[in-house]
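Okay, so here's the structure we're looking at.
Bear in mind the structure is a predicted one, so any value in this text is a computation, not a measurement. What you see below is based on every heavy atom in this structure, not just the backbone, and it leaves out hydrogens, waters and symmetry mates.
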Amino acid sequence: MQRNNYGAVIHGVEDMRMEQLPMPKPRDNEVLLEIDCVGICGTDVHVLTHGGFGEYKLRKPMVIGHEASGVVIEAGKLVKHLQVGDRVAIEPAIGCKRCDLCKAGRYNLCPDGIYSATPPVHGSLQRYYTHPEDCCFKLPPSVTMEEGALLEPLSVGVHSCRIAGVRLGSTVLVLGAGPIGLVTILVAKAMGAGKICVLDLVQSKLDLAKKVGADVTLQVQPKEEENNLVRKIHEALGTAPDISIECTGSQTCVRLGILATAIGGVMTMVGIGSRDMNLPITVALVREVNILSAFRYANAYPVALTMVANGTIDATRLITHHYDLQDSLKAFELARLGLDGAVKIMIHCQPRNKNNPARKL
């Protein structure tokens with residue numbers, strides 16, 4: 001059967017094109033996937049609008065997209081655990097599997113690792129895509145293809161909550177109610193957090209945060225005085241948070257997380273912002289606020305999949321818009337402008353529900 005590949009290629013800043021692409025061929029340890037759906041991530045948008053992020057600069061055309069699910073249509077000769085017809089979620093982080101970090105299970109920090117749709121590595125917003133078998137997770141019948149694609153951002157929430165040490169009864173402050181803030185709320189609640197407070201500038205985002213599990217929300221006004229915000233947080237929670245998780249990358253929110261966290265508490269940085277920030281480090285020191293960082297995720301997909309499969313988490317509440325593959329340019333325009341209540345935008349490379357179990361339609 002003749003297959004034609006087609007996908008979204010970023011050529012430069014503000015230059016994304018829908019193009020015919022070469023048909024990929026799986027290596028011995030890879031599977032060839034017919035991609036079903038792909039979610040748009042903030043980093044995807046940043047590559048389009050800024051030509052990359054940090055040290056990852058766009059230097060040649062690149063297929064975008066890394067929050068994806070698909071169906072196996074061909075398997076390399078060394079593939080053992082997947083077969084044609086299996087529906088899978090795709091973990092985009094691939095470690096070298098040889099360095100000390102990979103051997104310790106911290107492959108997200110592998111200096112020689114690659115990550116889909118991070119320049120110069122091609123991503124999955126295309127009809128066909130190859131990926132290593134061990135980075136593909138078979139979906140049970142209870143999980144839809146859209147939920148499979150959502151395992152990527154959900155894994156960020158799993159990783160950040162693990163590092164922060166969320167446990168039964170934890171009092172948690174989440175700074176930012178964007179997609180990563182929202183998945184952090186979902187996971188923190190599933191891990192037993194007793195009370196969650198969420199901050200954001202936009203009331204509509206806070207309304208959604210409340211729906212997915214936040215106990216209290218606070219709309220922050222631009223340039224509002226720090227001490228006043230700390231007081232509001234403590235009043236809303238009835239105490240200082242044991243754990244603060246910063247999901248925006250803004251200096252204002254990082255500072256606020258440090259200042260608001262309880263003495264002896266934990267402030268975990270998840271959002272990626274400016275390389276240098278002016279932070280109240282001495283305040284953290286004398287109060288023994290433990291500042292931690294969470295970069296992407298490691299060993300989080302199985303946990304995220306289990307929580308979705310058993311109904312502990314309903315991540316589909318984050319999806320606000322659906323587009324077909326050929327309309328990807330429109331989808332990215334909506335994502336970058338953040339209009340019409342857009343939170344998580346899902347792009348369908350196949351007819352929607354084509355690969356979903358009948359009872360989930």
Note to self: Can you confirm whether the side chains of Tyr129 and Glu30 place a donor and an acceptor under 3.5 Å from each other?
What the structure shows: no
Item checked: Contacts of Arg167 that satisfy salt bridge (charged side-chain N to carboxylate O under 4.0 Å, His left out) - sequence neighbours left out -> none
Checklist line | Pairwise side-chain contact, Asn278 with Gln251, heavy-atom cut-off 4.5 Å (strictly under) | finding: yes
Next item on the list: Give the minimum heavy-atom separation between Leu21 and Gly7, together with the two atoms involved.
Entry: CD1-N, 3.6 Å
Checklist line | salt bridge (charged side-chain N to carboxylate O under 4.0 Å, His left out) involving Arg255 - partner list, sequence neighbours excluded | finding: Glu226
Notebook entry, point to check: Step by step, would you call Asp215 with Lys195 a salt bridge (Lys or Arg N to Asp or Glu O under 4.0 Å)?
Noted result: CA-CA 6 Å; Asp215 297 286; Lys195 198 168 187 179; over 6 Å; no
Notebook entry, point to check: Between His50 and Glu14, do the side chains contain an N or O donor and an N or O acceptor separated by less than 3.5 Å?
Noted result: no
Checklist line | Flag, side chain of Asn228 to backbone of Glu225, donor-acceptor distance under 3.5 Å | finding: no
Item checked: Glu152 side chain to Tyr297 side chain, donor-acceptor N/O pair below 3.5 angstrom -> yes
Next item on the list: Check the pair Glu74, Lys25 against salt bridge (Lys or Arg N to Asp or Glu O under 4.0 Å), reporting the backbone distance first and the verdict last.
Entry: CA-CA 9 Å; Glu74 185 180 332; Lys25 296 181 180 180; over 6 Å; no
Notebook entry, point to check: With a 3.5 Å cut-off and no angle check, do the side chains of Ser244 and Thr261 form a donor-acceptor pair?
Noted result: yes
Check: Regarding Ser124 and Gln126, is there a side-chain donor-to-acceptor distance under 3.5 Å anywhere?
Finding: no
Notebook entry, point to check: Can you tell if the side chain of Asp242 reaches within under 4.5 Å of the side chain of Val166, non-hydrogen atoms only?
Noted result: no
Next item on the list: Just jot down the salt bridge (charged side-chain N to carboxylate O under 4.0 Å, His left out) partners of Asp324, sequence neighbours excluded, or say none.
Entry: none
Item checked: Any side-chain heavy-atom pair of Lys354 and His348 under 4.5 Å -> no
